[in-house]
Amino acid sequence: MSAPAPAVPGPAPFGQRLQAARRRCGPLVAGIDPHASLLEEWGLPDDPTGLWAFSRTALAAVRGQVAAIKPQSAFFERHGSAGVAVLEELLAAAREAGVLTILDVKRGDIGSTMGAYAAAHLLPGAPLEADAITVSPYLGVGSLDPALQLARDHGKGLFVLALTSNPGAEHYQHARLSAPAATDHPAAADDPSAHSVARDVARHAEEHGGGTKSSWGSIGLVVGATVGDAYRRLGLDVAAPHAPLLAPGFGAQGAGPRELTEVFGESAGHVLVALSRGLLSAGPDQEALQERLRQLRSQYR
């Protein structure tokens with residue numbers, strides 16, 4: 001009887017792969033967001049053929065130079081099934097090129113619906129498979145359990161919305177809890193909502209086998225670079241001191257290199273600087289894109 005075939009090891013946890021990519025390439029994450037205005041600047045039609053040329057050109061320019069790419073699903077979805085097909089191709093091309101993908105979908109729901117969202121993006125072999133996705137915890141962090149389970153089972157990652165700069169966000173994210181959270185954490189009462197989210201993220205990261213000073217966990221936070229002092233004032237740096245931080249708001253939205261330390265303090269080494277228009281407004285020429293990328297890499301270290 002022949003010996004059984006050796007087990008094929010699964011991928012390393014997302015947090016470890018992301019930490020290695022940041023060490024190798026720096027903190028930049030390229031947001032591949034085909035805004036209609038960017039397509040026009042590039043001389044491309046605002047249709048699926050334009051999306052395809054835009055996304056492939058951008059991927060070729062940033063490959064090996066950024067920690068990950070972050071396509072915003074909405075800019076592909078607005079073109080219907082043909083646009084989603086371009087997103088599928090982009091995710092597959094990035095995977096083949098060894099580029100980590102963080103798909104910005106901000107999913108948040110309960111029960112089987114959340115399970116379906118998670119399967120669509122985190123299950124190996126799914127058409128829209130990514131290395132990590134963004135999710136919303138404001139139906140309760142427990143609502144994310146199906147996504148957390150799939151991430152744990154398949155070496156994937158999640159970035160959980162914590163602090164954003166959209167109008168009115170502070171009314172919910174800064175609000176203090178009036179009763180103990182579902183986790184029964186003794187310090188939950190009177191904590192800011194975003195602090196509670198960060199604490200739960202840190203707990204889940206530890207359960208996934210990461211989230212330490214030397215080893216990133218696979219569950220991180222989304223914290224806008226334009227939230228001022230809120231990240232530290234609300235104690236997220238204490239609640240989840242080792243979480244990877246996906247930080248939109250750099251570049252066209254107003255934040256710059258100074259915000260790395262002013263907003264994030266000692267957590268700056270865990271920040272992923274998400275740039276879309278600030279990078280891609282250089283235009284479709286590969287040399288121009290790569291020169292812009294070199295400039296940005298020198299600014300954000």
Side-chain angles (χ1 to χ4, degrees), residues 18-19 21-42 44 51 54-76 87 90-91 94 97 99-106 130-134 157 159 161 163-166 220-228 231 244-264 267-301:
L18 180 64
Q19 186 176 22
R22 191 190 190 281
R23 287 172 176 163
R24 184 172 62 250
C25 301
L28 297 188
V29 168
I32 300 186
D33 303 345
H35 294 259
S37 59
L38 268 179
L39 292 171
E40 182 179 3
E41 287 178 25
W42 280 38
L44 294 171
L51 299 188
F54 179 91
S55 59
R56 288 306 183 93
T57 300
L59 177 61
V62 304
R63 176 182 176 180
Q65 306 297 315
V66 296
I69 63 168
K70 184 179 72 68
Q72 168 49 258
S73 182
F75 290 109
F76 297 85
L87 178 58
L90 172 62
L91 293 168
V99 178
L100 291 178
T101 54
I102 302 168
L103 184 57
D104 197 353
V105 287
K106 298 182 178 69
D131 293 295
I133 59 172
T134 56
F159 283 96
L161 296 177
L163 282 174
T164 62
S165 58
N166 49 296
L221 298 171
V222 178
V223 177
T226 55
V227 298
Y231 171 72
L245 304 171
L246 180 62
F250 287 98
Q253 296 180 53
R258 186 169 61 183
E259 275 69 27
L260 266 177
T261 52
E262 288 188 355
V263 174
F264 298 102
S267 301
H270 288 209
V271 172
L272 299 162
V273 175
L275 285 158
S276 177
R277 285 168 289 175
L279 167 62
L280 298 176
S281 61
D285 180 77
Q286 282 287 309
E287 290 187 7
L289 274 171
Q290 290 172 2
E291 176 58 29
R292 175 70 60 83
L293 191 53
R294 282 191 289 270
Q295 295 172 0
L296 290 168
R297 291 185 69 187
S298 71
Q299 294 173 24
Y300 296 96
R301 298 181 181 274

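If you read the sequence from its start, that first residue is 1, and numbering goes on from there.
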Nearest-0.5 Å distance, CG of residue Leu245 to CZ of residue Phe264: 6.0 Å
Heavy atoms only: give me the nearest Phe159-Leu221 pair and the separation to one decimal. CD2-O, 3.7 Å
Name all residues meeting the side-chain hydrogen bond (donor to acceptor under 3.5 Å, both in side chains) criterion together with Arg56; count only those two or more places apart in sequence or in a different chain, and write none if there are none. none
CG on Leu163 to OH on Tyr231, rounded to 0.5 Å: 9.5 Å
With sequence neighbours excluded, what pairs up with Thr134 under the side-chain hydrogen bond (donor to acceptor under 3.5 Å, both in side chains) test? Asp104
For Ala61 and Gln290, the nearest pair of non-hydrogen atoms, with its separation, is O-CG, 3.8 Å
Once salt bridge (Lys or Arg N to Asp or Glu O under 4.0 Å) is applied, what residue pairs with a partner in residues 271-284 remain, sequence neighbours excluded? none
One should read off an interatomic distance between Lys70 NZ and Leu272 CG, to the nearest 0.5 angstrom, of 11.0 Å
By side chain to side chain contact (heavy atoms under 4.5 Å, CB included), which residues pair with Glu40, not counting sequence neighbours? none
For Thr57, all residues meeting side chain to side chain contact (heavy atoms under 4.5 Å, CB included), sequence neighbours excluded: Trp42, Gln286, Leu289
Could you pull out all donor-acceptor pairs under 3.5 Å where a side-chain atom in residues 247-262 meets a protein atom, sequence neighbours excluded?
residue	atom	partner	partner atom	Å
Arg258	NE	Glu262	OE2	3.4
Glu259	OE1	Gly256	N	2.7
Thr261	OG1	Arg258	O	3.2

Hey, does Tyr300 have a side-chain heavy atom less than 4.5 Å from the side chain of Val271? no
List the steps and the verdict of side-chain contact (heavy atoms from CB on, under 4.5 Å) for Leu293 and Val66. CA-CA 9 Å; Leu293 191 53; Val66 296; 4.0 Å; yes
Less than 3.5 Å apart, which donor and acceptor atoms pair up between the side chains of residues 25-37 and the rest of the protein, not counting sequence neighbours?
residue	atom	partner	partner atom	Å
Asp33	OD1	Gln72	N	3.1
Asp33	OD2	Ser276	OG	3.4

Between Pro244 and Leu18, which heavy-atom pair has the shortest distance, and what is it? CB-CD2, 4.3 Å
Kindly write out the residues that satisfy salt bridge (charged side-chain N to carboxylate O under 4.0 Å, His left out) with Arg294, not counting sequence neighbours, or none if the list is empty. Glu291
What heavy-atom pair brings Pro71 and Phe76 nearest, and what distance separates the two atoms? CB-CE1, 4.1 Å
Going by the rule side chain to side chain contact (heavy atoms under 4.5 Å, CB included), which residues pair with Ala97 if we only count those two or more places apart in sequence or in a different chain? Arg63, Val99
Do you know which two heavy atoms are closest between Thr226 and Ser165, and how far apart they sit? OG1-OG, 3.1 Å
In chain order, what residues pass the salt bridge (charged side-chain N to carboxylate O under 4.0 Å, His left out) check against Asp131, with sequence neighbours excluded? Arg17
Can you tell me how far apart CD (Gln65) and CG (Leu279) are? Round to the nearest 0.5 Å. 11.0 Å
Ignoring hydrogens, what is the shortest heavy-atom contact between Arg292 and Ser281? Give both atom names and the distance. NH1-OG, 3.1 Å
Nearest 0.5 Å please: distance from the CG atom of Leu87 over to the CG atom of Leu51. 9.5 Å
